[in-house]
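Step one of this worksheet: look at the structure below.
Counting convention: from 1, in listed order, for ligands and their atoms alike. For clarity, every value in this text was computed on a predicted model and none was experimentally measured.
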Amino acid sequence: MSRTEPFEPLRASEIRRQLSTGVLWSLDEIYVFPELESTNAWALQHGVCGDVCVADQQTAGRGRRGREWQSPAGMNVYLSVRWCFKPVPEHLPLLSLVTGLAVADALEDCAIHGHGLKWPNDVYYDGKKLGGILLEAVGSLEDVVIGIGLNVNMLPASGAAIDQPWTSLQQIRGEPVERHALIVAILQRLIPRLKAFPRLDMTQFQHDWQHRDLLQGREVLAHSGTETLRGLASGVDNRGQLRITLHDGLIKNLSSADVSVRLGM
Ligand SMILES: O=C(O)CCCC[C@@H]1SC[C@@H]2NC(=O)N[C@@H]21
C-alpha cells in the first residue's frame, strides 16, 4: 500500500478503478459521500441489495448496543453493504463473525499483521480496538446491512472521546495508510464471502475463526444480562455463540455478552 496524505478525500472512481472486475455485479453500486449521519442508516433507508456505501465522515456513527461510533472526517473507513439472503440461512447469526474474518484477511492483504478478532465482532490489535462491525436488519432478516468501521489514520487527539482502549492503523504502522486500497481489499474479501455465505462450510469457518480468535483458551469474564460468568473461552459453536468452559467443567454458550479478558492470566 502506498504512502499518501492522510486527509485525501475518498473517491468512488478510485475505488472502482482498483476493484477487480466481477467482485460487485455493477460498479454503480458504490456510493461515496463526504458526510453522512451513518452509512448504515443510509444503506437501510436508500440502499438496495448489493449496494456499498462509504462516507468520509459520520455525524451520528452507530456502534453496537446503542453506542456512538466516533467518525471524524477524512481519517477512517466507514463502510456499509446492503445484502439480501433468500431464503434466510439458518446460520445467519454467523454473518457478523464471517464479516470479521473478511476484514481480518483484508488487513493482511494490506500488509498489516498481528491483529485478531474478539468475539463477536471486534477487530483488535495489541489489546486495543481497531475496528467494529454492526449488523442491522431492514425489516425481515432477509435484508441486512453490514456496517464496518476501521480506525485508519486517527491519532489520539481525534479519538479522545472513545471510552475504551483503541488504536489505528497509522499508530500501528507509524505512517498514514491509504484508505482506497483498504476499502477495495475489504470489498474483495467480503463480497465473495457474502456470495458463498448461504453454502457456508462449517468446518472451514471453524478453522478460520480459530486462526483469528483472540479469546481462545483465555480466562474471560462475560457479562450477559444480569449474569456474570468466569471461565475459559473455548471458541464458538455453529450458531456463532461464544463457548465458555466454567471451572466446574460445565460449558455455557452465549449469544450476546460483553467479554473481557481477565488481567493477570
Ligand atoms: O460498536 C461497534 O464495534 C460497531 C461499530 C460499527 C461502526 C460502523 S462505521 C460504518 C457503519 N455505520 C455506522 O453508523 N456504524 C457502522
Among Tyr124, Trp119, Tyr125, find the one that has a side-chain contact (heavy atoms from CB on, under 4.5 Å) with Leu214. Tyr124

Straight-line distance of Met202 CE to Arg239 CZ, nearest 0.5 Å: 9.5 Å

Please list, in number order, the atoms of ligand 1 under 4.0 Å from a heavy atom of [X].
| X | answer |
| --- | --- |
| Thr39 | 10 (C), 11 (C), 12 (N) |
| Leu79 | 10 (C) |
| Arg62 | 5 (C), 6 (C), 7 (C), 13 (C), 14 (O), 15 (N), 16 (C) |
| Gly61 | 14 (O) |
| Asp122 | 3 (O) |
| Ile133 | 4 (C) |

Please report which non-hydrogen protein atom sits nearest to [atom], along with the residue it belongs to and the distance in Å to one decimal place.
| atom | result |
| --- | --- |
| atom 1 (O) of ligand 1 | Arg64 N, 2.7 Å |
| atom 3 (O) of ligand 1 | Lys129 NZ, 2.6 Å |
| atom 5 (C) of ligand 1 | Trp69 CE3, 3.4 Å |
| atom 8 (C) of ligand 1 | Gly149 N, 3.6 Å |

Would you call the rings of Trp83 and Phe85 parallel, tilted or perpendicular if under 30° counts as parallel and over 60° as perpendicular? tilted

Check: Asn40/Gln58 side-chain N/O donor and acceptor closer than 3.5 Å: no

What I want to check is whether the side chains of His211 and Gln216 have a donor and an acceptor closer together than 3.5 Å. no

Do any heavy atoms of Arg67 fall under 4.0 Å from ligand 1? no

Contact between Glu37 and ligand 1, counting heavy atoms under 4.0 Å? no

If the threshold is 4.0 Å, N to carboxylate O, is there a salt bridge linking Arg67 and Asp163? no

State whether Lys86 and Asp143 are salt-bridged, where the test is any N-O pair (Lys NZ or Arg NE/NH1/NH2 against Asp/Glu carboxylate O) under 4.0 Å. no

Using a 3.5 Å cut-off on N or O atoms only, is Gln58 in polar contact with ligand 1? yes

So, do Val32 and Ile15 sit near enough that their side-chain heavy atoms are less than 4.5 Å apart? yes

For ligand 1, does Ser80 get within less than 4.0 Å through its side chain, its backbone, both, or neither, judged by non-hydrogen atoms? side chain

Output, in order, the C-alpha distance, side-chain angles, deciding distance and verdict of salt bridge (charged side-chain N to carboxylate O under 4.0 Å, His left out) for Arg82 and Glu136. CA-CA 9 Å; Arg82 184 153 169 179; Glu136 296 184 83; over 6 Å; no

